[in-house]
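What follows is a set of notes on a single structure, which appears directly below.
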2 protein chains.
Amino acid sequence: MQKISPSTATDHLPHLAYDSVIFGFSGTQLKILIMEYHNTNIFALPGGFVLKNEHLNDAVRRGLKERTGLDNIHLEQFYTFGDADRNNAEPMRTILVNNGLSPEKYHWMLERFISVAYYALINYKDVVPQPDALSDSCRWYPVNALPPLMMDHALIVEKALQTLRDNLDRKLARGNLLPPKFTMKELQQAYEAILGTKLLRTTFQRRMLSLNLLERHEKQYSGGAHKAPYLYSFIKG
Amino acid sequence: MQKISPSTATDHLPHLAYDSVIFGFSGTQLKILIMEYHNTNIFALPGGFVLKNEHLNDAVRRGLKERTGLDNIHLEQFYTFGDADRNNAEPMRTILVNNGLSPEKYHWMLERFISVAYYALINYKDVVPQPDALSDSCRWYPVNALPPLMMDHALIVEKALQTLRDNLDRKLARGNLLPPKFTMKELQQAYEAILGTKLLRTTFQRRMLSLNLLERHEKQYSGGAHKAPYLYSFIKG
DNA sequence: ATCCTATTGTCTCAATTTGTGACAATAATA
DNA sequence: TATTATTGTCACAAATTGAGACAATAGGAT
């Protein structure tokens, strides 16, 4: 959901918002950044509005930077949600009141919104989520254990996952879900978390190497009682 | 581009439009419906605006029906173009003036527009394009011989093609690019036109049949001096 | 009627890719 | 020094794809 400031009504394009599904990966779990509004028990995807002279893509980058502190993240647009009944009237009224703001003054926020949805793959460890003015938490939740989300945000997450799943190779290579260097096992775990299926180790390794997307580096002494795995990174192009 | 009527300014969501890339297939050529405005030499994709209480998807369906007379067409949204400099100021001024309308009265049309782009696959033969109030032609053009298009419409077409090309199997099956019954050769020609490559006949046939998307019907006596091919249709599901 | 020709449906065999397990090479730990 | 859990690679079977061969037409030509 959106960050609110008094000047918003005049500065932004009306009826237009964006929402972002920010994926992170920790251990074996795929997670998503979810916001909870202060005093409301309302959960939503991080989103925002577009300034009148701002590129849509820039608006989303700006929002991501405000919430995560992250810059230079590859964002991918995947769908625009445009049903006529998409409005935040009830939850937003609650949010405004609970934050001492008048619903009259922010009436434009209660109307219908078209929302352009983006996803990003970021490195879980790089993020210290920063709650904004109206939220008391911006936290990671596992994709399969999300809190009940407002409006159609659960649908947006579902569509983000579907989109992510096909042509995953190219998408993972462009994103930052994994640290700069990673082992083949970590890569496989990321695939498995996203696709929701188990993969065969040898086949997976052979396939990954044949894609010519990976560069092999030195070995990593993991501390485990076994042979040390190679580290890999994506060849950026 | 959009259909203009005096009431538009108040009835529609401001700054929001849609554009549609309507694909048709004739013989061996992939074609697109392009509009040319009356007296202007300005070429554009068919598009329009969204009513304040209308679903985005419905708006696009409505526009397609107005221009082609076609109903019940599968439309697929593929990208939303949101650069800050997307406006129709110059061409639209020309269009308005050449049609005896005042640019002042339609000032809202000259501003920045976010545009949600859709594509559709329709049966070339079913369409008798209907020029609307402001256009003197709505005609098929081969994808590789389009007239110069206004604004970023050439980019929109390019992105539509890219989208169409991956997972083409499923997309062709859902669309109506081919008539209800078609030969394997026609199907192959459609693939070749879209992908821009030649395919091997036997491999293609084997692959298509193995997808379990096709139902085989009676043979077609084509009039050619050779064995008659089977007819196929897509199994709708 | 009979032959000729272009196209179609199917088969075959080679080449390539994928599934599956085997196995030796390690890096700690006992 | 033996033990154990991985890892990298190889080997072979199974499945898929590439590429051509070939018989079966449905007309047109003679």
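Keep in mind it's a predicted model, so treat the numbers as computed, not measured. Within every chain, numbering begins at 1; the chains are lettered A, B, ... in the order of the sequence lines, protein sequences first and strands thereafter.
Comparing A:Leu209 and A:Ala225 by the nucleotide of DNA chain D that holds the closest heavy atom to each, the one mapping nearer the 5' end is A:Ala225. Residues A:Tyr221 and B:Lys227 both approach DNA chain C. Their nearest nucleotides, taken by heavy-atom distance, put B:Lys227 toward the 5′ side.
A:Leu121 places none of its side-chain heavy atoms less than 4.5 Å from the side chain of A:Leu178.
A ring pair (Phe, Tyr, Trp, His ring centres under 6.0 Å) with A:Phe113 holds for exactly one of A:Phe81, A:Phe49, A:Tyr18; it is A:Phe49. None of B:Thr80, B:Asp152, B:Asp19, B:Asp83 except one satisfies the side chain to side chain donor-acceptor pair (under 3.5 Å) rule with B:Ser115; the exception is B:Asp19. Evaluated for a side chain to side chain donor-acceptor pair (under 3.5 Å) with A:Ser233, the options A:Arg216, A:Lys181, A:His217 yield exactly one hit, A:His217.
For DNA chain C, the outermost nucleotides in 5' to 3' order that have an atom under 4.0 Å from a heavy atom of chain A are C:dT18 to C:dA28.
No more than 12 heavy atoms of other residues, nucleotides or ligands lie within 6.0 Å of NZ in B:Lys125, so this atom counts as exposed by the packing criterion.
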Quick one, B:Met184 with B:Tyr232, criterion side chain to side chain contact (heavy atoms under 4.5 Å, CB included). Give me CA distance, side-chain angles, the key distance, then yes/no.
CA-CA 7 Å; B:Met184 190 59 76; B:Tyr232 295 89; 3.8 Å; yes
As a quick check of understanding, evaluate side chain to side chain contact (heavy atoms under 4.5 Å, CB included) for A:Leu149 and A:Leu155, giving each step before the final call.
CA-CA 9 Å; A:Leu149 301 179; A:Leu155 181 67; over 6 Å; no
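Below 30°, between 30° and 60°, or above 60°: for A:Trp140 and A:Tyr124 the angle between ring planes is between 30° and 60°, a tilted geometry.
A:Arg207 comes within 4.0 angstrom of no nucleic acid atom, judged by non-hydrogen atoms across all strands.
Aromatic pair B:Phe234/B:Phe182: ring centres closer than 6.0 Å.
Proximity of a side-chain donor or acceptor of B:Lys236 to a complementary backbone N or O of B:Ala173 within less than 3.5 Å is detected.
Protein atom NE2 of B:His226 is 18 Å distant from nucleotide atom C1' of D:dC22, rounded to whole Å. Spacing between atom CD of B:Gln205 and atom C1' of D:dT16 amounts to 17 Å, rounded to whole angstrom units. For the pair B:Leu211 CG and D:dT16 P, the computed distance is 12 Å after rounding to whole Å. The nearest whole Å value for the distance from the CD atom in B:Glu218 to the C1' atom in D:dA26 is 17 Å. Atom CZ in B:Phe204 sits roughly 17 Å away from atom C1' in D:dT16 (whole-Å rounding).
Across residues 188-203 of chain A, A:Arg201, A:Thr202 each have a non-hydrogen atom less than 4.0 Å from an atom of DNA chain D (numbered order).
Rounded to 10 degrees, the angle separating the terminal axes of the helix from C:dA1-D:dT30 to C:dA30-D:dT1 is 10°, with each axis obtained from five end pairs.
Judged by distance alone, the side chains of B:Tyr191 and B:Asp169 do bring a donor and an acceptor atom under 3.5 Å apart.
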